[in-house]
Participant: 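Pasting a structure here, questions to come.
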Amino acid sequence: MEATQVLKGASVKPKSRRAHEVYKARWAYLFISPFFILFGIFGLYPMLFSIYLSFNDWKGVGPMQWVGLNNFQRLLSDTVFWQAIQNGFILLLMYVPVMLFLALALAVILNSQYVRGYRIFRTLIFLPFITNMVAAGFAFRILLTMNNGLVNVALGYLGIPPVPWLESIWGARVSLSLLIIWAWLGYNMVIMLAGLQTIPHDLTEAALVDGATPVRAFFSITIPLMQPVILFCLITSTIGSFGLFAEVAALTGGGPANATITPLIRIFNTAFRSLQFGYASAMAYVFFALIFAVTLLQVRFFGREQ
Amino acid sequence: MNRKRTSCMAALFVLLSLLLSACAAPVGESAPAPAADASGAPSGKLLVWMQQANQDVFEQTVLDGFKAEYPDIELEWVNYPPAEVANQVSLAIQGGTGGPDLAVTENASIARLVELGGLTDLTDLMQPYLGELNAAALAEGSKDGKAYCAPWDIGPVVTFYRRDVFRQAGLSDDPAEVSAQISTWDGMLNTCKQIKEATGLNCFALNKANNYGDYFFNMLWQQGLDLYSDDGRVVVDSPEHIATLEKLGQFWQNEVVSDELEWTDNWYAELNAPLDDPNVKPVASIVIASWMGSFLKSWIAADRAGDWGVAQMPAFTEGGVRAANQGGSCMFIPEASRNKEAAWAFIEYTLFRPENHLKHFAYSDYFPAWEALYDDPMFEEPDAYFGGEPVRLVYAEAAKAIPQANQYGPYSQAIRGAVATAVQKYAMGMASAEQALMEAANAIRVETGLQ
Amino acid sequence: MTNIRRLRHFLITVLLYAVLAAISLFMLIPFIWMLSTSFKLPEDVFGFPPVLFSERSTLLNYEYLLREKNLLRIVGNTFFVAASATLLSLFFCSLGGYGFAKYRFPGRTALFSFLLATMIIPSAVTMVPNFVIMRQFGWVDTFWPLIVPGAANAFGIFFMRQYISSISDELLDAARIDGAHEFGIYWRVIVPIIVPGLTSLGMIFFMGSWNNYLGPLIFLKSPEKFTLPLAIFSFGGAVGLTNYTAQMAMSVISLIPLLIIFLVFQRRFVEGITAGAVKG
């Protein structure tokens, strides 16, 4: 093969040189090929297939029926789907600020010289992250049971009447937020810690020597320098809260009155419970477009000074 | 040599991904012909999917006999929660693999499976019994004149009530008098108020936030009200439906019900609590299908033998129908079943032999869908758990009076889910009955494509 | 003056410890309650007053899991899926990372950008069609769908590329001069150096697979193929099956292996998680 290239020589030089480069790097192509092969089969092809599906009615077996844009039209008046999207936003607003603030504050505390036992606290706070969410969701359900659940009994000792954690719209949302904060606080904290460690120590120290209070130093030095890390956490949390599944299924089942149903659950149910593969595909695409837009907005809005 | 080997290895590994995915030939077992030994008796493995409670019923009654008659059939059980059986079967049908050889599902979800296709046509096998089976139950599992599901039981709705609570409230605990006392839902409400006043106890459990809609569905069914009409229209927001929901709402407004959710530990506790329990307040009654009898007896309220009685369900208006259907189940054989002969042998043995069917009915209170059994003298036998009351007569009376109503059908899951959400919204004061049901109707139209 | 500063310092310290203690408690309670419930009898789960352990505590739930719920099989399934998914992914990701880090070839930047871009695709979009594809392959109700599609994933390749970039080219050139083959270089030179990175990444993969609920929910049908999260979920549901005590016992068991791995390799694990976020 090299011989033929030499023979062809100067006449097709640019092309053959490129071919030669490709040939020389054949091992590299081989090494990176598994990703592209697998993505082709289990990523790209499904995505294209899904587009096709979204214009069809299909129960998953039997014949497909072309329905054009009908599925997307239906989606516009699908109150449950929009409720699910809305729930995603509500949850996002409920837990993300609390969680990110707590994560950053904890990271700063653990990074400061005030406390000992850095490793123990970090381990404890991180521990929930390795728990599977089905187990955690049911554990929370037991804890938050209205009558004689541990949390309400404890509140009872403080003279507070039983809280309908899982029996009211906002109770269920707060419960879900608690579960998510419980699970993800450690993860975000660890990332913030790593971010903090990239900030030169002398920078804050200098500010403190100049007479700035620690709080002021936190807001005027730490937060701006941490902005990229915070943005990362914000984006992962956003994508995460629209894609909640096991947490919701185990803790609230999406109720009460669909108050905690998430888009992923709605899509799953539409496909695998109501057997509407086409409609579910249309939903998935609209959902994709929405989170894509939200993520872009966040990058624009919070990442602009980067 | 070495170099060549490594390069081969590299290529091999990298191509692994291709190979793994390229062996696109389905690896599902090539379905062997239904096993039968020389004598023709069915044999081999039979994978059965049903809820735990159903398996218990058979184990406690007829299973030993079945094993004696078919020693070569090897039963293997898988339990799912009741509503989950149909979900898992439909996934197995869609997935083309992994399904059961025989399964029991609720009547509410069978039409969806029939619609999906992939069940064995049982019409010929059931031919001798077709005329004697409950028509509504049979129709639920049939399509185009073919029956795909062998009806096991139906769910005639009755009122289970606590004799001790009624007595303590100064009311009669005699079944006939209780039936008269609660002849309508208005009568029920008054009774509830009396009980609340006299004992401080709640009348029945009616959860708000996660309500499954069962009381509402039962009240609709007894009036013969559909969820969808024969010509495919969604009718859950008709004035009658709205009035029915508002009637149910009076029980919340008068604060005579407990807020425990069905099928949770605290709900079991209040059904099982003695009158003097220091921590759990017992409830006075529960309006539910007859199969609840077996659950009360065997595990929910096993300690309360003699304390429960059975009366008719309240009518919607004076003189109205005092019966509805809630649940019931049937047995089906997926087309992909690996042992259809053994599966049918199981159905035939458990459902279509009078002595066997009556035997597990006596244990389970799963009211037979096979009407030929209704004349059996065992219906008049007293039931010790229910204070010696011949409860099967109460069930039978209700069973015969169940009106026809389109409440299940292929879209049952979507429809009932949306209606339950409407009940929740109304119960929590988020919407009026009319508004909540209109929203539900629209959600159903979008979801199902019905008009 | 110094006294006041000292007092202030002391107060701040106390306050910070209080915050840390409160949050640690919040983190621990669900675990404690999970463990406590797993030793209870069903009728004591919502007993009043709640107790952690009592003379009624029992191992019955664990026995029940072993006897009735095929516990060893389920743990074995979960381990098999997680371990094979992890090993396969580590191989493909490190190989791909090596390809991107140490070779110059036409289209490298474009291909790598493409790879990064695929990370934004939510699983929701491919969930439905993937089910159909797996069915065509005859892979429904097998472990393949949980092992193969993620075997060469963008995050892993990205992670390994970063890691391998820091290895000096001279090392590779020296090996080449010695006549080593390209794959031999990967296998004999690169892999031994990147073991810490592989450990970090491997733990993330293992945890992700071990805890995965949605994948097994879609693809696994037969209970003898269930993995732990699926089995834990199957206790929930209607009519008497909300067996919280056995469910919590299985939850405790699902936690133990990850807990051990995490406590032993904590540093590597945290490195793996933070690498993508902070460097990227």
Side-chain angles (χ1 to χ4, degrees), chain A residues 18 21-22 25 27-29 31-32 34-35 38-39 42-43 46-47 49-50 53 109 114-115 121 123-125 127-128 130-136 138-140 142-143 145 148 150 153 182 187 190-191 194-195 198 229 232 243 245-246 250 264 267 271 277 280-281 284-285 287-288 291-292, chain C residues 12-13 16-17 20 23-24 26-28 30 33-34 37 45-46 48-50 92 95-96 98-100 103 105-106 111 115 118 120-122 124-130 133 149 151-152 157 182 207 211 213-214 228-229 232-233 236 244 247-248 251 254-255 258 262 266 270 273-274 277-278:
Chain A
R18 196 170 175 84
E21 274 173 8
V22 168
W27 283 98
Y29 289 115
F31 291 165
I32 65 169
F35 169 80
L38 290 180
F39 178 75
F42 300 110
M47 284 181 74
F49 185 37
S50 197
L53 269 182
I109 292 174
Y114 283 104
V115 292
F121 285 120
T123 307
L124 280 181
I125 295 170
L127 215 47
I130 63 167
T131 312
N132 78 68
M133 283 299 115
V134 177
F138 280 107
F140 267 67
I142 296 172
L143 284 167
T145 294
N148 290 352
L150 184 67
V153 171
W182 179 79
Y187 169 82
V190 161
I191 285 176
T198 63
V229 179
F232 174 86
F245 191 89
L264 193 54
I267 294 169
F277 280 30
S281 297
Y285 263 99
F287 165 66
F288 181 24
I291 22 176
F292 191 65
Chain C
I12 289 176
T13 314
L16 294 186
Y17 274 115
L20 285 175
I23 293 196
S24 304
F26 170 58
M27 295 297 163
L28 276 177
W33 209 243
M34 205 183 268
T37 306
V45 174
F46 296 109
F48 185 88
F92 283 148
L95 202 61
Y98 170 55
F100 275 117
Y103 292 89
F105 52 86
L111 287 174
L115 177 136
T118 63
I120 58 160
I121 301 167
V125 175
T126 50
M127 179 168 75
V128 175
N130 254 329
I133 292 169
I157 292 174
E182 296 299 319
M207 186 190 84
N211 288 342
Y213 170 62
L214 184 55
L228 278 163
I232 294 170
F233 204 99
Y244 280 135
Q247 187 177 42
M248 288 299 109
S251 301
S254 78
L255 264 175
L258 288 183
F262 173 67
Q266 191 179 160
V270 170
I273 282 177
T274 52
V278 180

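A note on names: the letters A, B, ... follow the listed sequences, proteins ahead of strands, and every chain is numbered from 1. Side-chain atoms are counted along with the backbone in the values below, which use heavy atoms only and exclude waters and symmetry mates.
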Participant: Please check this pair: side chain of N211(C) against backbone of P229(C), looking for a donor-acceptor N/O pair closer than 3.5 Å.
Facilitator: no
Participant: Please flag which part of F245(A) lies under 4.5 Å from any non-hydrogen atom of chain C: side chain, backbone, both or neither.
Facilitator: side chain
Participant: Which atoms of L258(C) are under 4.5 Å from chain A, going by heavy atoms: the side chain, the backbone, both sets, or neither?
Facilitator: both
Participant: If I compare all heavy atoms of G99(C) with all of F31(A), which pair ends up nearest, and what's the gap?
Facilitator: CA-CB, 4.2 Å
Participant: Hey, which of A246(A), P128(A), A271(A) has the most heavy atom pairs under 4.5 Å with chain C?
Facilitator: P128(A)
Participant: I'd like to check N130(C) versus F42(A) (side-chain heavy atoms, cut-off strictly below 4.5 Å). Are they in contact?
Facilitator: yes
Participant: What residue in V128(C), V270(C), I12(C), V45(C) has the most heavy-atom pairs under 4.5 Å with chain A?
Facilitator: V128(C)
Participant: Can you name the nearest heavy-atom pair linking M34(C) to L255(C), along with the distance?
Facilitator: SD-CD1, 3.8 Å
Participant: Name the member of I109(A), L264(A), L150(A) that forms the most heavy-atom pairs with chain C at distances under 4.5 Å.
Facilitator: L150(A)
Participant: Relative to the ring of F140(A), is the ring of F26(C) parallel (under 30°), tilted (30 to 60°) or perpendicular (over 60°)?
Facilitator: perpendicular
Participant: So what's closer than 4.5 Å to chain C heavy atoms on I125(A): side chain, backbone, both or neither?
Facilitator: both
Participant: Are the side chains of W27(A) and F105(C) in contact, using a 4.5 Å heavy-atom criterion?
Facilitator: no
Participant: With chain C, which of Y285(A), F49(A), F292(A) has the greatest number of heavy-atom pairs at distances under 4.5 Å?
Facilitator: F49(A)
Participant: How far apart are the closest heavy atoms of M248(C) and A135(A), and which atoms are they?
Facilitator: CE-O, 4.0 Å
Participant: Mind checking side chain to side chain donor-acceptor pair (under 3.5 Å) for N132(A) and listing every partner two or more places apart, or none if nothing turns up?
Facilitator: S254(C)
Participant: What part of I120(C) gets closer than 4.5 Å to chain A, counting heavy atoms only: side chain, backbone, both or neither?
Facilitator: both
Participant: List the residues meeting side chain to side chain donor-acceptor pair (under 3.5 Å) with Y103(C), not counting sequence neighbours, and say none if there are none.
Facilitator: Y98(C), E182(C)
Participant: Of the backbone (N, CA, C, O) and the side chain (C-beta and beyond), which part of I121(C) lies under 4.5 Å from a heavy atom of chain A, both, or neither?
Facilitator: both
Participant: Can you tell me which portion of Y213(C) sits under 4.5 Å from chain A's heavy atoms? Options are side chain, backbone, both or neither.
Facilitator: side chain
Participant: Working to the nearest 0.5 angstrom, can you tell me the gap between M133(A) CE and L214(C) CG?
Facilitator: 14.5 Å
Participant: By a 4.5 Å heavy-atom criterion (distance strictly below it), what part of L115(C) contacts chain A: side chain, backbone, both, or neither?
Facilitator: both
Participant: Pick one of side chain, backbone, both or neither for F262(C), based on which atoms fall under 4.5 Å of a heavy atom in chain A.
Facilitator: side chain
Participant: Taking side chain as everything from C-beta outward and backbone as N, CA, C, O, which of these in I23(C) sits under 4.5 Å from a heavy atom of chain A? Side chain, backbone, both or neither.
Facilitator: side chain
Participant: Quick one: of P46(A), A25(A), A136(A), who has the most non-hydrogen atom pairs under 4.5 Å with chain C?
Facilitator: P46(A)
Participant: Looking at L124(A), I291(A), T145(A), I142(A), which one has more heavy-atom pairs under 4.5 Å with chain C than the rest?
Facilitator: I142(A)
Participant: Name the member of S251(C), P49(C), A151(C), P129(C) that forms the most heavy-atom pairs with chain A at distances under 4.5 Å.
Facilitator: P129(C)
Participant: In terms of ring plane angle, is the pair F35(A) and F39(A) parallel, tilted or perpendicular, where the classes change at 30° and 60°?
Facilitator: parallel
Participant: Highest number of heavy-atom pairs under 4.5 Å with chain C: which of L127(A), I267(A), V22(A)?
Facilitator: L127(A)
